[in-house]
Each structure stands twice: as C-alpha cells, then as structure tokens.
J.: 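Okay, here's the structure, questions in a sec.
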Amino acid sequence: MTPAGRVTRRTLLRAAAAGATATAAGCAGGGRSVQVAVVWSGSELDRFREVVATYPDPVRVVSAGNDIDAFLRARHLAGTSPDVAILSRPGLVTEYAARGWLRPVRPSTEYAVPIGLSDLLLTGGQRYGVWVKAAHKSLVWHLPSMLPEQPTSWDELVSLTRRLGALARRGDGPAPLAIGAADGWVLTDWFENVLADLAPSAYDALAGPDADWQGRPVRDTLDRLAELWSVDGAFPGGGRRALLTQYEESVIQVVRSRRAVMVFEADFTAEVVGRFRSGPEEPVTFRFPSAGTGAGALIVGGDVAVVFADARGGVELVEWLTRADSFRPWLRAGGYLSPNTTIALTDYADPVRRQLAREMRGPDTLHFDLSDQLPGAFTGSDGVGIWRIMQDFFSDVTDGVSAGAAVRRATGQLAAAARDAGGGR
C-alpha cells in the first residue's frame with residue numbers, strides 16, 4: 001500500500017488522465033457509463049471487460065495499476081472518484097467506509113461465500129463490499145519429471161530440500177526451491193501458511209487490535225521458516241540472489257529455465273506458467289505441506305467490489321456481479337476462481353480450478369490472507385510494513401544469522417510496526 005501522503009506524481013497524473021477520459025467517454029452520446037477502477041491488468045483485465053460487456057448498461061473499466069489505493073486517494077483528492085472499484089484488500093474496504101467514502105451495497109440472492117469471508121466487509125453492521133474473485137494461496141508447483149514424488153508433510157519438505165540442496169551445491173541438479181523474495185508478499189504468504197497450520201486461532205487473532213506479534217505462535221512460525229530457508233543450496237544463486245528475484249522470475253526458474261524444482265504460490269501462477277512454460281510438460285500442484293497428517297490450512301485472498309459515496313451509478317452493477325452467471329465468460333475461459341459458492345462446480349471449464357473451488361468449500365480450514373487485513377502501512381508494500389520485515393528475516397536466516405537472533409529481531413519489528421499502525425501489544 002502507498003500510505004496517505006505518499007501519493008506519487010505519476011499516480012496523480014495517471015488518476016487525473018483516467019478521470020478526464022472517463023468523463024469524456026461518459027458524456028458521449030448523452031448517456032453516462034458506469035466507471036469501474038480495477039486492480040487487474042493484462043489478460044485479467046481483458047476477461048473482466050468480457051464479463052461486464054454482458055451487463056445491460058455501458059461500463060467503462062480502468063486499470064489502476066499496481067497500487068489502487070494510491071490511485072483512488074488521488075482520484076478522491078481530485079473529486080473524480082470512480083463509481084465502483086475492485087479492491088484487493090478488505091482492510092481498505094473498512095478504512096474507506098470509516099472515512100465515509102463508500103455507500104452500502106447489497107449482494108444478489110445468488111451470492112454466498114465461505115464462512116469467515118463475509119464479516120470482513122462489514123462496518124457498523126453495514127455491508128460495504130462483495131467478493132467477486134478469489135485466490136487459492138496454498139499451492140506448491142512443480143514439473144512431474146523434476147519431482148516424481150511429492151512431499152506429504154513439512155518434515156518431508158525439509159528433508160527433500162536438504163537432499164536436493166546438497167546435490168545443487170555439487171552442481172548435480174537444480175536448487176529445490178524458487179522464491180520471489182524481492183516481492184514481500186511472497187514471503188508473507190509463506191508466513192501465513194505456516195502460521196495457520198501451527199496455530200489457527202492465533203492466526204485470526206493477529207488481525208485484531210490485541211494481536212501479540214511477540215507471542216509463541218509467531219516465534220514458532222518463524223523458527224519453522226528459518227529451518228527451511230536456511231538450508232544451504234535451497235535457492236538458485238543463494239539467498240541474496242533470491243532477494244533480487246521477483247515472483248514471475250521465480251516461476252520461470254521452475255517451468256522454463258528449470259533452475260529450481262518447486263515454487264510455492266497461488267492459483268494465479270497458472271497465468272505466468274501459460275506465458276513462459278517451455279516444452280509440452282504441464283506443471284502440477286500439491287497443497288502446502290502441514291506439520292501433521294492430511295491437508296493443512298487453506299489461505300485465500302480475494303478481490304472486493306465497492307461503490308463510492310458520490311457515485312452516480314454502480315450499486316446495481318455490484319449486485320449484478322454477485323449473480324451466479326455473471327462471471328460465466330471468465331469461467332468458460334479459465335483462470336478464474338469464484339468466492340461465490342452458489343456457482344456450480346461443473347461451470348468451471350478448468351478442472352484444476354474446479355478442484356480448488358471444491359477445496360475452498362471444505363469446512364474449518366479456510367483463513368483469509370492475514371497481511372491484507374492488517375491496518376495502515378503495516379499491511380505491507382515495497383519497503384514498508386510486514387513485507388519489509390519478512391525480507392529482513394529472510395536475509396538474516398539465509399545469510400548465517402542464527403534462527404534465535406533472527407526471530408527476536410523480526411518479532412520486535414513486527415510488534416513495533418503493529419503499534420505504529422494503531423494495533424497490537
């Protein structure tokens with residue numbers, strides 16, 4: 001997130017240009033289209049445009065780039081807020097609602113989401129957002145020829161990493177793991193999967209005002225990550241190279257250059273695979289390993305539709321987006337996972353996402369992305385908040401700092417950042 005007061009000149013110019021263009025387009029022909037600012041770009045943006053093309057009234061979709069919060073703050077300052085926005089963090093929904101920027105919305109009768117998601121979008125008993133897209137964030141990807149037998153537990157993953165890491169150090173094979181540590185959100189996704197597996201009740205508490213970031217669950221989670229990340233030879237080029245590796249490059253290291261065997265990340269990794277895969281072999285996935293037996297916790301992310309308070313339209317569009325058949329064009333095209341459990345699993349043309357949608361409907365295992373729920377700058381962005389703290393921790397444990405010292409430093413940073421953001425002990 002770009003915090004308030006850090007809106008860049010580029011963002012202001014982009015927002016102003018989008019506002020002026022939208023105004024001109026809205027006046028054309030005497031009618032006014034509903035303007036929607038979205039977090040998506042590339043093929044996701046194209047697919048969403050195909051979705052709203054079936055809406056009865058004109059809809060103009062504007063991509064806000066990588067930082068929709070900064071984009072919307074600039075538009076708010078300029079008095080040109082869009083009618084609707086698709087946000088990637090529920091924390092922004094509650095913050096904007098508290099500021100009076102949003103108006104309540106109502107979903108259709110065909111809308112239902114897994115337990116634990118709906119309450120994240122309520123403020124003062126009013127609903128200010130609806131989920132329109134989900135992300136399954138508990139997957140490890142690999143090529144079958146590179147890893148014939150998948151690890152079924154955390155201990156097996158650590159043993160495998162040590163064995164493959166030793167081979168990689170001798171030049172006898174690829175590194176076991178690729179990781180885009182240059183993107184802090186990748187590291188928070190690792191942290192969240194381990195924490196939800198070790199201490200699910202503590203996971204949920206960390207999103208609240210009394211969060212204890214120096215408590216035993218956080219320390220145990222970081223200890224477990226240090227056990228894996230500190231394996232010599234774990235990453236192509238070592239830890240320092242991993243800190244310069246972005247998410248997309250880490251996927252390429254597995255599916256194209258084959259410098260690594262496995263990469264952990266969400267279902268949207270399939271889009272990167274589609275662009276960069278070399279050869280006919282398709283990668284496969286397995287669930288993020290649990291310390292116990294069976295499948296571990298499931299972390300999900302998601303995108304939320306909201307309506308701005310001074311919008312001239314949009315409430316009806318948001319209601320329409322929650323109908324079971326509205327996203328049918330994206331379902332047919334593949335690459336889309338819906339949070340709406342009223343959508344029939346058979347509507348998914350993509351068998352992988354059909355399975356992931358089924359997993360999301362399982363009981364008592366789902367947790368929403370923790371960093372997306374944190375307040376203010378603590379939620380993370382480049383060089384800020386929990387993203388930077390996890391990068392510092394990764395740097396420590398891959399650079400020879402003892403796990404104990406690295407954990408003490410990280411928990412101190414996390415507690416301080418939480419207090420600065422107005423939460424935590």
J.: Report yes if the side chains of Val158 and Arg162 come closer than 4.5 Å at any heavy-atom pair, otherwise no.
T.: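 Yes. Closest side-chain heavy atoms under 4.5 Å.
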J.: Tell me if the centroids of the rings in Phe308 and Trp101 come within less than 6.0 Å of each other.
T.: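 Between Phe308 and Trp101, the centre distance exceeds or equals 6.0 Å.
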J.: Using a strict threshold of under 4.0 Å (side-chain N to carboxylate O), is an ion pair present between Glu50 and Arg47?
T.: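 Here Arg47 pairs with Glu50 in a salt bridge, since their nearest N and O are under 4.0 Å apart.
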J.: Looking only at side chains, do Ser88 and Asp303 share a donor and an acceptor under 3.5 Å apart?
T.: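 Not at all, the side chains of Ser88 and Asp303 share no donor-acceptor pair under 3.5 Å.
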J.: Would you say Glu359 and His136 are linked by a side-chain donor-acceptor pair, where the criterion is simply a distance under 3.5 Å?
T.: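 A donor-acceptor contact under 3.5 Å links the two side chains.
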J.: Quick check on side-chain hydrogen bond (donor to acceptor under 3.5 Å, both in side chains): which of Arg287, Glu156, His142 does Gln150 satisfy it with?
T.: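 Single pass found, and it is His142.
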J.: Output yes when a side-chain donor or acceptor of Gln391 lies under 3.5 Å from a complementary backbone atom of Ala181, and no otherwise.
T.: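 Flag set: sc Gln391 to bb Ala181 pair under 3.5 Å.
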J.: Does either side chain, that of Asp267 or that of Tyr336, offer a donor lying less than 3.5 Å from an acceptor on the other one?
T.: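 The answer is no; no qualifying pair exists.
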J.: Just one of Thr269, Leu139, Leu177, Asp189 clears the side chain to side chain contact (heavy atoms under 4.5 Å, CB included) bar with Phe264, so which one?
T.: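 With Phe264 as partner, Thr269, Leu139, Leu177, Asp189 yield a single side chain to side chain contact (heavy atoms under 4.5 Å, CB included), made by Asp189.
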J.: If I compare all heavy atoms of Pro236 with all of Arg241, which pair ends up nearest, and what's the gap?
T.: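 In terms of heavy atoms, the two residues are closest at O-CG, 3.7 Å.
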J.: Can you say whether the rings of Phe378 and Trp213 are parallel (under 30°), tilted (30 to 60°) or perpendicular (over 60°)?
T.: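 Correct class here is perpendicular.
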J.: With a 4.5 Å cut-off on side-chain heavy atoms, are Asp372 and Pro90 touching?
T.: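 In short, these two side chains touch, coming nearer than 4.5 Å.
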J.: Can the ring centres of Phe191 and Trp185 be said to be less than 6.0 Å apart?
T.: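 No, the ring of Phe191 stays outside the 6.0 Å limit from the ring of Trp185, centre to centre.
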J.: Do Glu95 and Arg73 sit within salt-bridge range, that is, some charged N less than 4.0 Å from a carboxylate O?
T.: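 Yes, charged N to carboxylate O under 4.0 Å.
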J.: At their closest point, which heavy atom of Gly233 faces which heavy atom of Arg169, and how far apart are they?
T.: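 Closest approach of Gly233 to Arg169, heavy atoms only: CA-CG, 4.0 Å.
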J.: Relative to the ring of Trp330, is the ring of Trp40 parallel (under 30°), tilted (30 to 60°) or perpendicular (over 60°)?
T.: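 It falls in the perpendicular class, over 60°.
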J.: List the atom of Ser63, the atom of Ser41, and the distance in Å for their closest heavy-atom pair.
T.: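 Taking Ser63 first and Ser41 second, the nearest heavy atoms are OG-CB, 4.0 Å.
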J.: Can you tell me if Gln35 and Arg75 form a side-chain donor-acceptor pair at under 3.5 Å?
T.: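 Yes, because at least one side-chain N or O of Gln35 sits under 3.5 Å from a partner of the opposite role on Arg75.
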J.: Establish, from distance only, whether the side-chain atoms of Ser395 and Arg240 form a donor-acceptor pair under 3.5 Å.
T.: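 On atom types as modelled, these side chains do not qualify, holding no pair under 3.5 Å.
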J.: Kindly assign one of parallel, tilted or perpendicular to the pair Phe288 and Trp154, based on the angle between their ring planes and the thresholds 30° and 60°.
T.: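 Phe288 and Trp154: tilted rings.
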J.: Taking atom types as modelled and ignoring hydrogens, do the side chains of Thr342 and Asn340 form a donor-acceptor contact shorter than 3.5 angstrom?
T.: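 Distance-only check passes for Thr342 and Asn340.
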J.: Evaluate the ring planes of Phe368 and Trp131, with Trp represented by its six-membered ring, and classify them as parallel (under 30°), tilted (30 to 60°) or perpendicular (over 60°).
T.: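 The arrangement is tilted - the two ring planes meet at 30° to 60°.
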J.: side-chain hydrogen bond (donor to acceptor under 3.5 Å, both in side chains): which pairs involve residues 406-417, sequence neighbours left out?
T.: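 Output for this query lists Asp392-Gln413, Asp396-Arg409.
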J.: Apply the test side-chain hydrogen bond (donor to acceptor under 3.5 Å, both in side chains) to residues Arg163 and Ser159: give CA-CA distance (whole Å), side-chain angles for both, the deciding distance (0.1 Å), then the verdict.
T.: CA-CA 6 Å; Arg163 179 164 54 83; Ser159 295; over 6 Å; no
